[in-house]
Amino acid sequence: MSELKRPLLTCGVDEAGRGPIAGPVIAAAVILDPNNPITGITDSKKLSEKKRNALNLEIREKALCWSIAHCSVEEIDELNILHATMLAMKRAVEALHQRPELVLIDGNRLPKLAVPAEAIVGGDLKEACIGAASILAKVERDRQMLEWHELYPQYNFAKHKAYGTAEHLAALKAHGVSPIHRKSFRPVRDLL
């Protein structure tokens, strides 16, 4: 992680769920406590589910503050996935109970924010606060997909988390489009 000197209230922001063809996009914002360090934070995709879940709890306990926000399937279909992702990130930052002095966003685009912000490609590997946000967002989205699995077991969301896998596309063809499928995404739109 970066050793650059950052303001005390530096917030990291990342998202989960841009690529799947169903479910919301989730964003998290985290301001870590430099006096209460957490080891092992990195890009959530590089961690086992067990390690991610453990770090999720530790981040929630030790961070100065954190928040999670989302954009619904309806908002994704109305705005498009990029704009919905930016909106979810903006909502996550605005939901923090402490106003950050600087916001670091994973990626190459910035949402419109009322505070200084910087986009960092691969930021979840470079900045601990972004890595922490990636973990919270991924764990929350996976949790939500397990809930959707209970309602729509025929799609097996618990396994593929709504990514367009061969299994998911076959289930989509066999069972049709569910209320949580993104109708603006091609594999779903083609079936409508």
Side-chain donor-acceptor contacts of residues 95-102 below 3.5 Å, not counting sequence neighbours, with atom names and distances?
| from | atom 1 | to | atom 2 | distance (Å) |
| --- | --- | --- | --- | --- |
| R99 | NH2 | A114 | O | 2.9 |
| E101 | OE1 | L9 | N | 2.9 |

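- The salt bridge (Lys or Arg N to Asp or Glu O under 4.0 Å) pairs that include a residue from residues 52-66 are R52-D142, E58-K62, where partners are two or more places apart or lie in different chains.
- Residues I31 and W66 fail the side-chain proximity criterion, which asks for heavy atoms closer than 4.5 Å.
- Y155 and F157 have parallel rings, their planes meeting at less than 30° on a 0 to 90° scale where 60° marks the start of perpendicular.
- The stretch residues 102-118 participates, sequence neighbours left out, in these salt bridge (Lys or Arg N to Asp or Glu O under 4.0 Å) pairs: R6-E118.
- Taking the side chain as every heavy atom from C-beta outward, L32 and L64 never approach each other to under 4.5 Å.
- Applying the side-chain hydrogen bond (donor to acceptor under 3.5 Å, both in side chains) rule to H175 yields no partners; only residues at least two apart in sequence or on another chain are considered.
- The heavy-atom pair separating I68 from L136 by the smallest distance is CD1-O, 4.1 Å.
- Not a single side-chain hydrogen bond (donor to acceptor under 3.5 Å, both in side chains) links R189 to another residue, sequence neighbours left out.
- Minimum interatomic distance between C71 and A84 (heavy atoms only, all atoms of both residues): SG-O, 3.2 Å.
- Note that CG of L55 and CD1 of I135 are 4.5 Å apart. Values are rounded to the nearest 0.5 Å.
- One distance of note links CG of L172 with OG1 of T165; it measures 10.5 Å at 0.5 Å rounding.
- Partners of E74 according to the side chain to side chain contact (heavy atoms under 4.5 Å, CB included) rule, which considers only residues two or more places apart in sequence or in another chain, are S72.
- Two residues are said to be in side-chain contact when any heavy atoms from C-beta on lie closer than 4.5 Å; V103 and P116 fail this criterion.
- Listed by chain and number, the residues in a side chain to side chain contact (heavy atoms under 4.5 Å, CB included) with L151 are W148 (sequence neighbours excluded).
- Between the side chain of R141 and the main chain of V25, no donor-acceptor pair closer than 3.5 Å is present.
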- Task: Dump the intermediate steps for side-chain contact (heavy atoms from CB on, under 4.5 Å) on T42 and D124, then the final yes or no.
- Result: CA-CA 6 Å; T42 188; D124 46 9; over 6 Å; no
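- Panel note: side chain S67, backbone A92; a donor-acceptor pair is recorded below 3.5 Å.
- For E49, there are no side-chain hydrogen bond (donor to acceptor under 3.5 Å, both in side chains) partners at least two apart in sequence or on another chain.
- Across all their heavy atoms, V13 and A29 have their closest contact at CG2-CB, 4.0 Å.
- The minimum heavy-atom distance linking A137 with A28 is given by the pair N-CB, 3.8 Å.
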With a cut-off of 3.5 Å and sequence neighbours excluded, list every side-chain donor-acceptor pair involving residues 181-188.
| from | atom 1 | to | atom 2 | distance (Å) |
| --- | --- | --- | --- | --- |
| H181 | ND1 | S178 | N | 3.1 |
| H181 | ND1 | S178 | OG | 2.7 |
| H181 | NE2 | H168 | NE2 | 2.9 |
| R182 | NE | G23 | O | 2.8 |
| R182 | NH1 | G17 | O | 3.1 |
| R182 | NH1 | R18 | O | 3.2 |
| R182 | NH1 | P20 | O | 2.7 |
| R182 | NH2 | G17 | O | 2.6 |
| R182 | NH2 | G23 | O | 2.9 |
| R182 | NH2 | P24 | O | 3.2 |
| K183 | NZ | H181 | O | 3.4 |
| S184 | OG | D77 | OD1 | 2.7 |

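- For K159, the salt bridge (charged side-chain N to carboxylate O under 4.0 Å, His left out) partners at least two apart in sequence or on another chain are E167.
- Remark: R91 does not engage E94 in a salt bridge, criterion side-chain N to carboxylate O under 4.0 Å.
- L87 belongs to a hydrophobic cluster whose remaining members, ordered by chain and number, are L79; membership requires side-chain heavy atoms of ILVMFWY residues under 4.5 Å apart, directly or through intermediates.
- Scanning for side-chain hydrogen bond (donor to acceptor under 3.5 Å, both in side chains) contacts around K45 gives D43, with sequence neighbours left out.
- Side-chain contact between M86 and I81: absent, with no pair of heavy atoms (C-beta onward) separated by less than 4.5 Å.
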